[in-house]
Structure formats: structure tokens, C-alpha cells
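Here is the structure we will look at, set down as C-alpha cells.
Residue numbering restarts at 1 for every chain, and letters A, B, ... go by the order of the sequence lines.
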Amino acid sequence: MPFSGKLNKEQNEAVTHPDGPLLILAGAGSGKTRTITHRIGYLLDEKNVSPYSILAVTFTNKAANEMKTRINKLVKSGIKGLWMGTFHSVCLRILKRDIEHLEGFKSNFTIFDDQDQIRLIKDCLKLLDLNERVYEPRAMRGKIDGFKNRGSQLKDIKIETHDEKIRDIYELYEEELRRHNGLDFSDLLSLTVKLFKEHPKVLEFYQDRFQHILVDEYQDTNNLQYQIVKSLAEKNKNIFVVGDDNQSIYSWRGADIQNILSFEGDFSSTKVIKLEKNYRSTKNILNISNELIKNNLERKEKTLYTDNEHGELINYYEAMDEQDEAKYLIRNIDSQKVEKGLKYNDIAIFYRTNNQSKAIEDELILSGIPYTIIGGVGFYQRMEVKDIIAYLRLIQNPDDDLSLKRIINVPLKGIGKVTINNLELIAREHKVSILNAIEIAVNKKTFSPGTTQKLKNFHELITSLIKLSGELNAAELIKQVLEDTSYLDSIEEEEERVNNVSDLVNLAGEFDLEDEEKKLENFLDWIALASDMDKYDENSDKLTLMTLHTAKGLEFPYVFITGLEEGLLPHFRSIGEFKQLEEERRLLYVGITRAMQRLYLSSASQRRYFGKTQGSIPSRFLAELPEDLLNSTSYEATYGRRYSREEIKYTTKIDDIDLNIIDEIPGDSSDGIKKGQGVTHKTFGKGVVLKVEGSGEKAKITVLFKGLGRKTVLASFLE
DNA sequence: ACCGATTGAATTTTT
DNA sequence: TTCAATCGGT
């Protein structure tokens, strides 16, 4: 049995499980990936299951690619026909094939990323004549995604939000998305659910095809993903899920830890296997992770153990500020690298928020250490990359007004805001795309001769590119766009940007080699779901920097976790609410359990946020770690110098008060504005004062507004 | 009407 | 620090 030799008893039991639902609760480092790959190998080679009948869902594209490679090495037969990818990519594939069963949808849709979503929401707010300050686009995006992830119908939303306007925004947003022939990320999932519900024949096709379904990182599935899994597996019940409730860290994206906690109830006669033996970390590392996670109430009982040696103590350093923290990292990296003969890619640095990378980056550059940063403003979000992609998107989907608006004047062509606004009006009036509106306006000579000529040129440019798109592959088409628009000339002074554009051309070239169809559409789909993570090459000798979220699923011999401060980890947006606080703890748990040999923790006593230096105290999570496993030092101990600490202020938890009583809080302004007092703002309405900075008309007042949350406003705007 | 410059505001995590 | 909206000049 080639698939049992290298496995322990539980892993082997999972791999050779007969048909029927199986839940694997796999602790960190317990050989989860190995178990899934061997399971697939077992099905293919031992059970003679056709790869065509297997669907495997992973959390990232990178994980999918890696798993494919591993399985290929493992099995005798090939894996042609096997579906492996993220929920989003799997759904995309299903929708590309079957979306036209749903009325009003076309298969050449464009995928709208979150930036596009925000821009579209802004357009909606303008159309509805709503104030962006009151209905913050980002917040609205969050609400809309929330509705979609829960599968809420418009009529339900009335109950969920007391603000009728939010419902209007959602409704218009959906309408606009349809008009653009676009799908947002949530649509990929929710329309698949809709498709399965409304077209049982389509569902049956996939049910019959996918005899075996495997889902990795099941703890981070959301309601829609759950529904997809459930309906696909309903017929054959061969559903194999792997997850760790202690590593559920995506609730803000709609992930519901209940999916894994109640799996047994969802599928009758579920077999449960726990993988509790850790092969990754030293005893010390594993012990502190166990001690930490014990503090969570919402979890399944599971204690990891290991045969590995105790290893070194866990280091903790309390730095003066973020610079001092970065220097501490480099000191240790340098010395350990020499002492233990490490390579840079043996080492990773984690943090809670992307902006923490800057200080570390600066010091790394100074000391000449090679590094890569994963995430942040990723390659695909770069302005120049998005510009080129907008051209491609418009070529592929001429209804994509959003992309058109992005590039109609890029590089500058003398077509301004007023003209675009008028074009939008024409488009609306005739119920056509802006590209069509341009044609109408040019024919009718609606604009001045100069403008008409510019528009005519633009229209000809796009139509000629559309014609060419039938013959050219993605890379060639990008080159054509660059040539026709002289885009490179417009950014020639910015070397970085030019490089990014040429990287994009190369990327497209690589894609064309892989893609048999060589279609622009496929390239765009791939780009839309691609992330920075996918480009990450763990074999290049570079230090890796990333957030704790992106660290999930990876492992490194040496791990540094920075910024263990109240307000950062746990993040202040999560403090105060029990569930969110537990998720922050899980986040740290994920970070700690990435470490194989050695773990370093650090915090800074003060940190510059933007411009202003703020004081902070060490994270409460540090107090939960057993002291005898920690080796703690501080800036003061290392340098024998003291530094002046900023006064540390604790925020009052007024947020938890019942917002309905805001109306009743007395507004007494006889001697200026005070904390806790009720106020009325000209635009935002009623609220309660949380904080006062300065005095008089120009004082900055932080107010918790009813239904809108915290905002900082000028005293002169309050009544 | 468009463009560039200056000011102003805002920052969790990502498929 | 970056990004976006606004304003005044051409």
C-alpha cells in the first residue's frame, strides 16, 4: 500500500476512509495537506476513481497548484480532468459554462474586484444624491457583501437595516452591476447557489460528475460556500472536509466557524477523525500555542502534542518604537543566520496590518537583506497595471463602463469630466453602454468639433482593438494597446511603473503558453482571481514579510511576530466584542504555529501611526503565555537607557451602549462640549460625544452617531 | 473645459 | 505615508 507507509494511524484512517462524509479536525502542523493529497492519490490509484470525478477546493490558488504538483508526483496515472481550485475559481468555471441559464446574464461577464466595487458604489451614491461622508462607500461595500454572503433577499434587508437608503444603494448597485455585465466576488458564489437552486438539472450534472468532493480549510467557509458544498455533496455524500476551528480567521469575510462546528449535524453518519500529533514545531512552541488557544471558549476540544525536542525558549522583546523593533529583528536574523547557517527563506516576519511592513522594510534595505513582501498594495492593484487591464476588460466586455471611464482619458487625451458626464447621460437615456453613447454622440455631433474628433479617435481605437482581439493572444494584445495609446511614453519617467507594465506583458506571455485556448477572456479571469500570494516563491533566498492572515497554511523554521500590542493585536476594531477578540487570539495562534524551530515575539512601546506617535502597552495575549517558556528582554535592558513613555490612554467603551437611547442623552452646551453629552450634527444627525480635542469652534470632537458609528467632526458643525 | 497643484483626509485582515 | 477631491490657472 503505497499510501500508508508514511502516514500515522489517524492519517491512514482518513486516507482509506470508505465512502460517506468525513470530518477531519486537523491541528496545526498535523500533516493536513499530506492527508488530502494522499487521499486523492488513494482514490485515483487504489480505488480507480477517475480524476474527472474529483473536486478539491483549497483556500488559495497557490495551495491548489502545490497540491496538484504533489499529487502528480504521487500517482501512477495522471490527474487530467481533476478540478482543483478556490471556491471562487471553481464557481467561475461553473458560471462560465452555465450562467446563461439564469435570465439576464451573459457568459462574457467581467469580474469586479473590491476597488471596482467601491467605484461603482460611489457612482450609485451620486445617482441617488447621497452624501459619501454619511454613506461611506467602504462601509456600504461591507454591508452589501454581508447581504450577499448571507443570501439575503431585498425584502429581508429592511429588517436587517433601519436605514431605507442602504437598501436603495444595494438595489441600484445590483442594477448597475448587471448593466455593466459584471460580477463581484460574492456574485461568483451567490449566483452559483442560485443556479443550483433554480436549475436542478444543472446541479445534477455537477452532482453526478463530482463523485468525491474534498474541501481544505473548511473552518473558513462562508454561508454560500457551505450551501455549494452541501448541494453538490447531497447526492453521493462523499464529502471529505479538513479544517481546524482554532484557525478560523476570516469571519470578517463572512466565514462562519459554525460550518465546521456543526458539520456532524449537517451530514448524518459523519465520521470524525482528529489529527492531534504535530510534526512541525518544537515542544516549547507547541506548548505556548496550546496555552494561548485554551483561553478561547468557542472551540472543539483538541490538544496537540509532538515528539519533537523542546527546542529553544521563545524570545520576547519590548522595543522602544517600531524602528527599534525592526533593528531587533535584524540583529537576531544576522546572528542566527551565521550561527545556525540559515538561509533567508528559512525566516519569516509576520504582522497584523500591512502598514507595519514599512518600518521593517526600511531597516532591511539599510542592512542589505533581500526580502519579499506579500500583500499590501499588490502588483495587480498598481495603477499602471489596472489601467492596462481596464483596456483589456473594455475590449472583452464593451458594457464595462467602469473600465471605460478609467481609461478614456488615460493617457491624457483631452476628454474631461464634463464630457464624460454628458456621455453618461446619453448612455442612460438610450439605455446603452458609454461606448455606444460615444458613437451616437459622434454621429449627432453633440459635442464641439474638437471633442467630437477626440471621441471619434477613442472609439476607433477601441473598435480596432476589439477586432484584433479575435486574432491576438493576451500578450500581443497588451503590446498592441501600449503601442496604440503610447502608454509607456506617458509614464516613461517612472521607472518602477514601466517595469510593472513589462512584467504584466511577461505574465501574459507565460499565461498564453499555458492556456490552450489563448483567449483574452481566460487571461482576464485569471488575473481577477490572482493574488500576490500566488507569485510567492519559497525557494528564492529571501526573507518573507506578510500579514498573519496570509501566513495561514505556511511554515518556516524561524518566525518573528511583531507588534504584539493592545490596539494592534488584538486590533482596536476587535476589542470589546467577545467573538472578535477570540478571532484575534486565533490569529496569533496561526502565527505562532507557523514556527518550526524558533519563535520571536515583539512589541513596541510607541509607534508612529501617521504623523503622530502613539503609546501602547503589550498585548493581553502575552500575559496568557507561560512565563517559564519566555525569554524576555526590553529596550531598557538592552541599552540601559530609559525613554519617555507616552501617556497611555484607554478608550472608553461607549460603543456598546444601546444606540436607541442616544436621542435621550441630554445635550447641555452651557460650558462647552463634554464627553458623554448628546449632540446633533448638521449632516450626521444625533450622536454622543466620545472625545474632545482642542477647544472652541475648531475643537475636534469624536462622536458616535446613531447608525453611522464614530466620526471626528469640527465643533462648529455641532449644534 | 481641462489640467495640474495644493490641500485634506484616512488606514484591518483578502478570494 | 498615500490617495482622492477640490480649486484656480490656462
Side-chain angles (χ1 to χ4, degrees), chain A residues 57-64 85-92 111-115 117-119 122 132-133 136-139 141-142 145 149 183-189 217 220-222 224-225 248-255 350-359 361-362 374-378 380-381 383 409 411-422 447-448 450-451 454 525-534 546-552 563 567-575 580 583-584 586-588 590-591 608-612 700 710-714:
Chain A
V57 185
T58 57
F59 195 70
T60 62
N61 297 306
K62 182 175 162 14
T86 61
F87 272 105
H88 289 87
S89 66
V90 167
C91 289
L92 172 67
I111 299 172
F112 278 36
D113 67 15
D114 46 354
Q115 269 183 53
Q117 263 186 298
I118 297 274
R119 282 154 54 107
K122 283 185 179 174
E132 263 185 36
R133 294 263 294 160
E136 286 174 80
R138 289 177 73 90
R141 202 252 330 259
D145 274 352
N149 283 335
L183 304 195
D184 63 24
F185 281 124
S186 303
D187 281 337
L188 291 174
L189 306 175
E217 307 281 9
D220 278 319
T221 49
N222 67 24
L224 295 171
Q225 294 165 337
S248 167
I249 53 174
Y250 282 90
S251 73
W252 49 274
R253 215 169 76 185
F350 303 152
Y351 36 76
R352 173 71 233 262
T353 64
N354 280 305
N355 62 18
Q356 285 170 256
S357 69
K358 231 166 260 157
E361 225 184 321
D362 290 347
I374 314 216
V377 182
Y380 302 103
Q381 269 89 265
M383 186 185 80
N409 203 23
L412 295 174
K413 304 178 181 69
I415 303 170
K417 218 170 16 188
V418 179
T419 310
I420 296 170
N421 276 340
N422 286 328
F447 298 101
S448 71
T451 308
K454 288 173 196 158
D525 290 342
W526 176 73
I527 284 271
L529 296 182
S531 76
D532 248 35
M533 185 65 179
D534 308 332
M546 67 181 94
T547 64
L548 287 162
H549 280 91
T550 32
K552 192 173 75 162
L568 209 49
L569 183 66
H571 195 270
F572 37 67
R573 308 273 303 225
S574 308
I575 293 175
Q580 290 192 31
E583 182 149 320
E584 295 288 305
R586 290 196 292 268
L587 199 49
L588 177 57
V590 166
R608 223 201 304 287
Y609 277 99
F610 48 106
K612 257 204 320 237
K700 280 189 191 163
R710 272 162 195 266
K711 288 193 191 293
T712 301
V713 296
L714 285 176

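If you check every strand for non-hydrogen atoms under 4.0 Å, A/Asn61 touches nothing. As judged by a 4.0 angstrom heavy-atom cut-off over every strand, A/Lys122 is placed among residues touching the sugar-phosphate backbone only. Within the 4.0 angstrom heavy-atom criterion, only backbone atoms of the sugar-phosphate kind lie near A/Leu412; the bases stay farther away. Residue-level contact check: A/Arg586 touches neither bases nor backbone, having no heavy atom under 4.0 Å from any strand.
Taking atom CE of residue A/Met383 and atom C1' of nucleotide C/dA4, one finds them 13 Å apart after rounding to whole Å. The nearest whole Å value for the distance from the CG atom in A/Leu588 to the P atom in B/dT12 is 20 Å. In this structure, A/Asn355 places its CG atom 9 Å from C1' of B/dT12, rounding to the nearest Å. Atom pair A/Arg138:CZ and C/dA4:P shows a separation of 11 Å (rounding to whole Å applied). Counting to the nearest Å, the P atom of C/dC3 and the CG atom of A/Asp114 are 15 Å from each other. Protein atom CG of A/Asn354 is 14 Å distant from nucleotide atom C1' of C/dT1, rounded to whole Å. Following rounding to the nearest Å, A/Leu188 (CG) and B/dT15 (C1') show an atom-to-atom distance of 9 Å. We find that NZ of A/Lys417 is positioned 14 Å from P of B/dG4, with the value rounded to whole Å.
Annotation: A/His571 is not in aromatic contact with A/Trp252 [ring centroid separation under 6.0 Å not met].
Proximity of a side-chain donor or acceptor of A/Asn61 to a complementary backbone N or O of A/Leu529 within less than 3.5 Å is detected.
Side-chain proximity of A/Glu132 to the nucleotides B/dT15, C/dA5, B/dT14 is greatest for C/dA5. Each of C/dA5, B/dT12, B/dT13 was ranked by its minimum atom distance to the side chain of A/Arg573; first place goes to B/dT12. Candidate nucleotides B/dC2, B/dT13, B/dC3 were compared by shortest atom distance to the side chain of A/Thr419, and B/dC2 ranks first. Comparing C/dA5, B/dT15, B/dT12 by their nearest atom to the side chain of A/His571 picks out B/dT12.
Ion pair A/Arg586/A/Glu583 flagged as a salt bridge, since at least one NZ, NE, NH1 or NH2 atom sits closer than 4.0 Å to an Asp/Glu carboxylate oxygen.
Within the structure, every side-chain polar atom (N or O) of A/Thr451 is placed at least 4.0 Å from both OP1 and OP2 of B/dA1. Remark: A/Arg352 is not in phosphate contact with B/dT12, judged by side-chain N or O atoms under 4.0 Å from OP1 or OP2.
Under the stacking criterion of a centre-to-centre distance below 5.5 angstrom and an interplanar angle below 30°, A/Phe185 sits stacked against the six-membered ring of B/dT15. The side-chain ring of A/Trp252 is stacked on the base of B/dT13, judged by centre separation under 5.5 angstrom and plane angle under 30 degrees.
Residues A/Val590 and A/Lys552 share a closest heavy-atom pair of CG1-CA, 3.9 Å. For the residue pair A/Phe185 and A/Ala528, the shortest heavy atom distance occurs at CZ-O, 3.7 Å.
Judged by closest nucleotide on DNA chain B, A/Gly416 is the one of A/Gly416 and A/His549 placed further toward the 5' end. Residue whose closest nucleotide on DNA chain B sits further toward the 5' end, between A/Gly414 and A/Thr60: A/Gly414.
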side-chain contact (heavy atoms from CB on, under 4.5 Å), that's the test. Do A/Gln356 and A/Leu568 meet it? Break it down for me.
CA-CA 10 Å; A/Gln356 285 170 256; A/Leu568 209 49; 3.6 Å; yes

